[in-house]
Amino acid sequence: MTDDYIENKKDELLEEVCNIVKIESVHDDKTANENMPFGENANKALEYILDLGKRLGFRTKNVDGYCGYIEFGEGEELLRNNRSFRCSTCGRWLDF
């Protein structure tokens with residue numbers, strides 16, 4: 001089922017990946033607050049990806065603005081993707 005789902009949504013998923021990387025999700029102390037601990041743009045990226053998960057039929061959860069997760073399935077068939085969406089520097093590649 002998972003392979004079929006991904007294959008059927010491939011074009012939509014690729015377009016959404018392009019959309020998410022366009023968001024400049026830079027940590028910004030000037031716009032950070034208790035609801036957006038990494039700032040407005042990082043929060044925009046997090047909310048975008050969680051909204052995408054909802055639109056695709058997944059269950060989603062925003063964990064106090066620090067990260068979020070998207071779930072598919074239940075019980076032993078549960079797939080959960082935990083992510084935070086932010087970068088520290090734009091305009092150049094980072095080595096981790």
Side-chain angles (χ1 to χ4, degrees):
M1 179 178 164
T2 304
D3 290 340
D4 290 338
Y5 180 87
I6 292 171
E7 185 61 35
N8 291 334
K9 297 280 188 178
K10 183 173 59 176
D11 291 338
E12 182 180 352
L13 294 170
L14 288 173
E15 182 178 338
E16 293 297 351
V17 168
C18 291
N19 290 337
I20 191 67
V21 298
K22 290 177 185 176
I23 299 172
E24 293 185 30
S25 57
V26 178
H27 183 160
D28 181 6
D29 286 329
K30 293 177 186 172
T31 61
N33 61 47
E34 68 179 45
N35 296 319
M36 300 183 297
F38 302 112
E40 188 175 333
N41 285 337
N43 188 69
K44 185 187 291 185
L46 177 60
E47 288 296 326
Y48 186 92
I49 200 70
L50 293 176
D51 181 63
L52 171 61
K54 285 179 190 175
R55 286 187 281 123
L56 293 173
F58 299 111
R59 292 180 307 277
T60 65
K61 173 76 173 163
N62 182 332
V63 184
D64 299 327
Y66 286 94
C67 65
Y69 60 82
I70 298 172
E71 292 181 331
F72 179 75
E74 294 183 35
E76 290 184 18
E77 298 290 322
L78 176 68
L79 173 64
R80 178 182 282 176
N81 188 352
N82 301 309
R83 289 287 178 247
S84 64
F85 292 91
R86 60 189 168 97
C87 66
S88 57
T89 306
C90 288
R92 67 181 178 92
W93 289 100
L94 300 177
D95 294 323
F96 294 98

Give the minimum heavy-atom separation between [X] and [Y], together with the two atoms involved.
X	Y	answer
Phe38	Gly65	CD1-O, 3.9 Å
Ala45	Ile20	O-CD1, 3.4 Å
Tyr69	Leu50	O-CD2, 3.7 Å

Do Ile23 and Val21 belong together in a cluster built from hydrophobic side chains that touch within less than 4.5 Å?
yes

Should Val17 and Leu56 be counted in the same cluster of Ile, Leu, Val, Met, Phe, Trp and Tyr side chains packed under 4.5 Å apart?
no

Just jot down the side chain to side chain donor-acceptor pair (under 3.5 Å) partners of Asp29, sequence neighbours excluded, or say none.
His27

Using the test side chain to side chain donor-acceptor pair (under 3.5 Å), find all partners of Asn19 that sit at least two apart in sequence or belong to another chain.
Glu16, Tyr48

To the nearest 0.5 Å, what is the distance between [atom1] on [X] and [atom2] on [Y]?
X	Y	atom1	atom2	answer
Asn43	Thr31	CG	OG1	9.0 Å
Leu46	Asn62	CG	CG	4.5 Å
Lys54	Thr60	NZ	OG1	4.0 Å

Sub-3.5 Å donor-acceptor pair from the side chain of Asp64 to the main-chain atoms of Tyr66, do we have one?
no

Please check this pair: side chain of Asn8 against backbone of Asp4, looking for a donor-acceptor N/O pair closer than 3.5 Å.
yes

Asn35 side chain reached by Asn33 side chain, heavy atoms, under 4.5 Å
yes

In the structure I gave you, are the side-chain heavy atoms of Glu12 and Glu15 within less than 4.5 Å of one another anywhere?
no

Sequence neighbours excluded, the answer for salt bridge (charged side-chain N to carboxylate O under 4.0 Å, His left out) partners of Glu40 is none

